[in-house]
Amino acid sequence: MQITDIRIRVVSKDSKMKAVVSVTFDNAFVVHDIKVIEGEKGLFIAMPSKKTPDGEYRDIAHPIHGEMRSMLQDAILEEFQKVLEEQREEQSE
């Protein structure tokens with residue numbers, strides 16, 4: 001399975017949630033609402049989730065293997081950094 005598109009929507013510089021992401025796989029399947037979060041140890045991704053009746057959050061879609069999670073997180077965070085750099089360049093012009 002290959003990541004064929006990543007779309008980043010930067011949401012806030014002042015909150016822990018930095019962006020909302022959509023990732024397309026094999027030009028055939030898309031996962032929306034992956035979040036880029038700033039934690040104590042740096043940036044990480046949070047998979048799309050829904051709130052259960054007891055108030056907990058449960059992932060709707062998620063990688064099964066750690067290797068896939070790492071690949072997905074690395075690709076998303078790399079694209080996120082590119083978007084931030086483009087925004088900085090636009091602001092400095």
Side-chain angles (χ1 to χ4, degrees):
M1 182 179 294
Q2 298 295 316
I3 296 171
T4 51
D5 189 35
I6 298 175
R7 298 190 184 218
I8 307 275
R9 183 169 43 98
V10 177
V11 293
S12 177
K13 294 179 182 177
D14 299 327
S15 79
K16 289 184 178 190
M17 185 169 68
K18 301 300 180 186
V20 177
V21 181
S22 295
V23 178
T24 304
F25 297 92
D26 294 334
N27 288 319
F29 186 80
V30 66
V31 177
H32 296 290
D33 296 333
I34 299 171
K35 296 164 198 70
V36 175
I37 307 289
E38 185 170 15
E40 292 179 12
K41 297 179 182 179
L43 296 172
F44 67 94
I45 61 169
M47 299 307 294
S49 60
K50 67 178 181 177
K51 194 172 188 177
T52 62
D54 62 359
E56 292 185 31
Y57 286 88
R58 185 174 180 106
D59 286 351
I60 295 169
H62 58 87
I64 294 174
H65 304 288
E67 183 179 310
M68 179 63 181
R69 179 177 256 302
S70 293
M71 181 192 71
L72 185 59
Q73 180 164 286
D74 291 348
I76 289 171
L77 295 181
E78 181 179 322
E79 189 66 25
F80 177 66
Q81 292 302 328
K82 287 179 188 176
V83 168
L84 290 181
E85 286 177 27
E86 289 171 4
Q87 287 182 348
R88 284 187 204 115
E89 288 174 8
E90 288 173 5
Q91 291 175 355
S92 66
E93 292 176 356

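Side-chain atoms are counted along with the backbone in the values below, which use heavy atoms only and exclude waters and symmetry mates.
- At a threshold of 4.5 Å between side-chain heavy atoms, the hydrophobic network of Ile, Leu, Val, Met, Phe, Trp and Tyr places V23 and V20 in two separate groups.
- Checked against side chain to side chain contact (heavy atoms under 4.5 Å, CB included), M68 has the following partners two or more places apart in sequence or in another chain: M1, F25, P63, M71.
- Here the CZ-CE distance, from R58 to M47, works out to 14.0 Å after rounding to the nearest 0.5 Å.
- To the nearest 0.5 Å, the span separating CG on N27 from CD on Q2 amounts to 10.5 Å.
- Using a cut-off of 4.0 Å between Lys/Arg side-chain N and Asp/Glu carboxylate O, K82 and E86 are scored as not salt-bridged.
- For the pair V21 and E79, the minimum side-chain heavy-atom distance is 4.5 Å or more.
- Between V11 and M17, the shortest heavy-atom distance links the atoms CG2-O, 3.4 Å.
- In the hydrophobic clustering of ILVMFWY residues, with side-chain heavy atoms under 4.5 Å counting as a link, I34 and I6 come out together.
- Applying the salt bridge (Lys or Arg N to Asp or Glu O under 4.0 Å) test to every pair with at least one member in residues 22-36, sequence neighbours left out, gives no pairs at all.
- T24 has its side chain out of reach of R7: every pair of non-hydrogen atoms, C-beta onward, lies at least 4.5 Å apart.
- Considering CZ of R69 and CD1 of I45, their distance stands at 5.0 Å, rounded to 0.5 Å.
- No path of Ile, Leu, Val, Met, Phe, Trp and Tyr side chains, each step under 4.5 Å between heavy atoms, connects I76 with I60, placing them in separate hydrophobic clusters.
- With sequence neighbours excluded, the residues satisfying side chain to side chain contact (heavy atoms under 4.5 Å, CB included) with S49 are Y57, D59.
- Residues satisfying the side chain to side chain contact (heavy atoms under 4.5 Å, CB included) test with L84, not counting sequence neighbours, are V10, F80, Q81, Q87, R88.
- For the salt bridge (Lys or Arg N to Asp or Glu O under 4.0 Å) condition, the pairs that include at least one residue of residues 14-24, sequence neighbours left out, are K18-E38.
- Listed by chain and residue number, nothing satisfies the salt bridge (Lys or Arg N to Asp or Glu O under 4.0 Å) test with E89 (two or more places apart in sequence, or in another chain).
- Taken together through direct or relayed side-chain contacts under 4.5 Å among Ile, Leu, Val, Met, Phe, Trp and Tyr, I3 and I8 form part of one hydrophobic cluster.
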